[in-house]
Amino acid sequence: MHKTDSGIPIDRIYTKWEGAHNDAGEFPFTRGVHETMYRERPWTMRQYAGFSTAEESNKRYHYLLSQGTMGLSVAFDLPTQIGYDSDHELSEGEVGKVGVAIDSIQDMEILFAGISLEKITTSMTINSTASILLAMYIALAKKQGADLKLISGTIQNDILKEYAARGTYIYPPKPSMRLITDIFEYCAKELPKWNTISISGYHIREAGSTAAQELAFTLANGKAYVQAALEKGLDINVFGKRLSFFFNAHNNFLEEVAKFRAARRMWAHIMKDMGATDPKAMMLRFHTQTGGSTLTAQQPMNNVSRVTIQALAAVLGGTQSLHTNGFDEALSLPTETAAQLALRTQQIIAFESGVTETVDPLAGSYYVEYLTDELERLAMEYMSKIEAMGGAVQAIEEGYIQKEIALSAYQYQKGIEEATNIIVGVNKFETKENPSAATFKIDDAIRNFQIEKLKKLKSERNNEKVNQCLSDISIAAQGSNNLMPMIIKAVENYATLGEIADALRKIFGEYKG
């Protein structure tokens with residue numbers, strides 16, 4: 001029997017579908033969150049970039065903006081993600097490797113040199129240290145003289161998927177959830193246009209989940225964040241408008257389109273059931289990145305086709321912003337040539353393909369509507385099991401979500417090895433040639449460069465003020481006051497990311513998976 005990647009049976013032909021259609025921009029938003037979708041303007045073309053030092057990443061950002069990128073998306077290196085400065089012993093060998101190294105507000109100033117934060121939107125892929133990086137961004141915006149009410153962008157800030165699928169956590173779940181809801185509360189008052197979380201299915205899918213699991217586990221995490229915010233006394237009709245999502249796009253083209261449609265419908269009903277009355281608080285708005293785990297080192301130019309298929313699925317599924325991977329990312333960070341081609345792929349879809357001329361063009365397809373319904377049904381089955389356990393946090397602590405993802409990943413890999421899952425150039429249509437693509441290399445010497453910057457910073461700043469700020473953070477962490485104002489004050493006084501993370505580690509402890 002033919003099946004999708006989520007195990008949904010596929011009939012030879014579909015001749016009937018009996019569901020009802022609402023218009024785009026109408027509850028439950030299956031057809032899109034905006035009435036006109038891309039007829040007025042395309043999605044935000046947001047290329048994910050960051051490597052080496054802030055100086056080098058700033059050059060890439062200016063290049064991308066000159067090529068037509070409409071928003072920046074910042075990748076941070078591993079030490080930055082887990083709260084260590086570049087001079088920490090555990091940072092050795094990792095500084096600047098998978099993203100840019102940010103140790104202090106000085107690095108943030110260099111990263112965005114010549115770029116007005118009022119005029120661009122920025123997405124920051126950061127989780128356990130999200131409060132610190134957002135504080136640096138806010139402090140920089142204030143230095144630029146920007147109106148914080150006009151600053152727009154997104155902080156990923158999704159810690160639950162780190163416990164379940166990715167691993168860059170620092171603190172245990174409860175204090176981590178507190179930091180997240182502190183950001184919700186602070187931004188609702190001070191940065192009303194900022195998306196305070198990007199609830200991420202991307203990394204769940206990268207870890208090996210099916211499309212149905214990506215849907216279920218992402219939305220279950222979303223419910224947990226909403227519940228935590230409600231328990232803090234926040235208004236669902238206010239913070240609900242600033243929630244965003246981050247999904248993966250894989251190769252099973254029509255299943256991926258259906259997944260995005262099902263996600264909107266499911267979230268609208270979830271938010272309504274949790275008390276939302278404002279339609280805008282029920283809208284699922286999402287960013288998409290093409291599937292990193294689908295890229296192959298063998299015959300890397302094949303990845304151009306994969307990325308195009310995935311990007312088109314995201315567009316036909318109604319994404320609000322999109323990153324397209326470079327064809328060489330199975331080998332290294334993307335070269336400038338690969339990054340440009342990835343952006344051009346989006347631009348060709350937007351301006352040459354014609355798919356933006358009408359809203360939700362695949363609606364009414366018997367097969368797409370069937371897949372949308374089936375994905376919702378399968379995802380709801382998973383979510384019911386998670387609810388019975390007490391919610392996403394409990395399901396993660398019990399290892400249920402991790403186990404389900406691991407089982408799916410194993411079954412998929414087994415299919416590749418048995419050639420029931422065909423990967424062109426890997427287990428079929430192989431060639432003997434070695435990859436010929438030029439690769440991008442990071443110089444290990446950048447750690448020394450960052451260490452020297454840190455030494456100079458610490459010798460020139462007011463260390464008495466810094467120590468007082470760090471003490472204030474540790475004391476506040478023992479209570480219930482919002483931590484964001486104190487973290488912002490600390491970064492403004494040139495406390496480093498590692499120092500602030502350590503001030504919280506003293507009180508919160510560290511999570512051991």
Side-chain angles (χ1 to χ4, degrees), residues 19-46 70-71 121 123 152-154 156 158 192-202 211 214-215 218-219 221-223 225-226 236-249 256-289 311-323 346 349-350 355-364 368-369 371-373 375-376 379:
H21 275 303
N22 296 89
D23 196 358
E26 289 183 1
F27 182 89
F29 313 109
T30 312
R31 303 201 65 186
V33 293
H34 301 300
E35 183 182 357
T36 55
M37 286 305 290
Y38 309 133
R39 284 166 65 90
E40 290 186 352
R41 66 183 180 91
W43 59 92
T44 301
M45 298 176 195
R46 189 188 299 283
M70 298 150 64
T121 67
S123 173
S152 63
T154 303
Q156 189 162 102
D158 174 10
K193 293 181 74 176
W194 191 265
N195 296 323
T196 51
I197 193 167
S198 179
I199 304 158
S200 176
Y202 183 85
E214 181 188 358
L215 260 183
T218 305
L219 299 189
N221 287 348
K223 283 185 72 173
Y225 293 125
V226 171
I236 193 170
N237 288 317
V238 176
F239 75 79
K241 295 174 187 176
R242 302 313 332 160
L243 304 177
S244 66
F245 288 79
F246 175 23
F247 287 113
N248 210 313
E256 293 298 295
V257 174
K259 178 186 75 181
F260 300 129
R261 301 175 82 249
R264 276 192 297 271
R265 189 162 73 197
M266 291 173 69
W267 188 246
H269 286 292
I270 287 167
M271 288 296 277
K272 187 174 184 181
D273 291 346
M274 295 187 82
T277 55
D278 187 328
K280 288 188 176 178
M282 304 176 202
M283 292 178 179
L284 182 144
R285 296 163 300 115
F286 67 99
H287 170 71
T288 308
Q289 181 172 338
L312 187 57
V315 170
L316 291 172
T319 194
Q320 274 61 68
S321 71
L322 177 62
H323 164 84
Q346 293 199 50
I349 292 171
V355 298
T356 61
E357 299 299 330
T358 190
V359 176
D360 192 21
L362 294 184
V368 169
E369 297 294 357
L371 286 176
T372 304
D373 292 345
L375 281 166
E376 180 175 6

Give, for atom [atom1] of [X] and atom [atom2] of [Y], the distance between the pair rounded to the nearest 0.5 Å.
| X | Y | atom1 | atom2 | result |
| --- | --- | --- | --- | --- |
| Leu215 | Glu376 | CG | CD | 9.0 Å |
| Asn237 | Met282 | CG | CE | 7.0 Å |
| Glu214 | Leu375 | CD | CG | 10.0 Å |
| Arg285 | Arg264 | CZ | CZ | 12.5 Å |

Residues that Met283 engages under side chain to side chain contact (heavy atoms under 4.5 Å, CB included), provided they are two or more places apart
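For Met283 the side chain to side chain contact (heavy atoms under 4.5 Å, CB included) partners, ignoring immediate neighbours, are Phe29, Val33, Lys280.
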Are Phe260 and Phe286 close enough that their ring centers fall under 6.0 Å?
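Close enough - the centres of the two rings lie under 6.0 Å apart.
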query: Below 6.0 angstrom between ring centroids: does that apply to His287 and Phe247?
result: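 Between His287 and Phe247, the centre distance exceeds or equals 6.0 Å.
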- Classify the angle between the aromatic ring planes of Trp267 and Phe245 as parallel (below 30°), tilted (30 to 60°) or perpendicular (above 60°).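 The arrangement is perpendicular - the two ring planes meet at more than 60°.
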Handout entry: Those residues that, when tested against Arg261, pass salt bridge (charged side-chain N to carboxylate O under 4.0 Å, His left out) (two or more places apart)
Key =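 In terms of salt bridge (charged side-chain N to carboxylate O under 4.0 Å, His left out), with neighbours along the sequence ignored, Arg261 is linked to Asp360, Glu369.
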Counterpart residues, side chain to side chain donor-acceptor pair (under 3.5 Å), relative to Thr288 (two or more places apart):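 Checked Thr288 against side chain to side chain donor-acceptor pair (under 3.5 Å); matches are Thr319.
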Test item: side-chain donor near acceptor, Asn195 and Ser244, under 3.5 Å:
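No, because no side-chain N or O of Asn195 sits under 3.5 Å from a partner of the opposite role on Ser244.
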message: I'd like to know if the side chain of Thr121 pairs up with that of Arg46 as donor and acceptor (distance under 3.5 Å, no hydrogens or angles considered).
response: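 Yes, Arg46 and Thr121 have a side-chain donor paired with an acceptor closer than 3.5 Å.
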- Task: Looking only at non-hydrogen atoms, find the nearest pair between Pro28 and Ala268 and report the distance.
- Result: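 Heavy atoms of Pro28 and Ala268 come nearest at O-CB, 3.5 Å.
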